[in-house]
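Since the structure comes first, as structure tokens, the remarks are kept for the end.
All values reported here derive from a predicted model rather than from experimental measurement.
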Amino acid sequence: VCEDANLHSSPFARLTHDETKFFNAIQRAAVDAIEEARGVPEGARATLQASLHFLHVRVSTRWGMSLPIHTERGALQGMGGAPEASKPAQDVKLRIRDSSPAFFVTHYGRKVQGTAYADDGRHYARNAFELRLAQSELSEGGKFSGNSANPAKSGGYAKNWEEYCATPQG
């Protein structure tokens, strides 16, 4: 997409993001159902579910560490398998973006809203004005998915930043 925009001097904007998984929010049954639909073998799915099932956490409070807390569902932020377990949550956002009016059009006429794998995403638009719409769509998806963009690991680029910043929206 970037090469197409540069090669043909097309209007272009990109929003990159890394997801933060909401603690204990991703339903394990949903993770397993999506993985089964994707054709992941039973043994691999069982291993993933088992790795999530026995998680315990301790919370640091002003009174000291809590007793171990068994997690009933979800994949913890920072856990090795958490990006894999968060794939079903990414599907919600990609479905919303698929119907978005904010997209990049390649030189050959192909519409590209965005792409994501596990907990990293790239979303495309024609200009900075549309990046705002793409961000709001991702935020809406986050309300239902158990994931949200981590601002410290996210960024935006647009060829027309100066034009956008001169407007009330910028």
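To the nearest 0.5 Å, atoms CG (Asp120) and OG (Ser154) are separated by 9.5 Å. In this structure, CG on Leu15 lies 11.0 Å from CG on Leu133, to the nearest 0.5 angstrom.
Between Leu138 and Arg97, the shortest heavy-atom contact is CD2-CG, 4.1 Å. Pairing each heavy atom of Arg14 with each of Thr16, the nearest pair is NE-CG2, 3.5 Å. In terms of heavy-atom proximity, Asn160 sits nearest to Ala128 at OD1-N, 2.9 Å. Counting all heavy atoms, side chain and backbone alike, Val1 lies closest to Phe104 at CG1-CD2, 3.5 Å. Between Ala13 and Leu131, the shortest heavy-atom contact is CB-CG, 3.7 Å. The minimum heavy-atom distance between Ala102 and Gln113, with the atom names listed, is O-CG, 3.9 Å.
Checking side-chain atoms of Arg58 against main-chain N and O of Pro68 turns up no donor-acceptor pair under 3.5 Å. A donor-acceptor pair under 3.5 Å is absent between the side-chain atoms of Lys111 and the main chain of Asp98, judged by distance alone.
Side-chain atoms of Glu137 and Ser100 form a donor-acceptor pair, as typed in the model, at a separation below 3.5 Å.
A continuous path of hydrophobic side-chain contacts links Val112 to Phe12 [ILVMFWY only; heavy atoms under 4.5 Å].
Residues forming a salt bridge (Lys or Arg N to Asp or Glu O under 4.0 Å) with Glu162 (at least two apart in sequence, or on another chain): none.
In this structure, His17 and His123 have parallel ring planes: the angle between them is below the 30° cut-off, well short of the 60° mark. The aromatic rings of Tyr108 and His8 sit perpendicular to each other, their planes meeting at more than 60°, with 30° as the lower class boundary.
For the pair Arg126 and Phe103, the cation sits on the ring face: its NZ or CZ lies under 6.0 Å from the ring centre, inside 45° of the axis.
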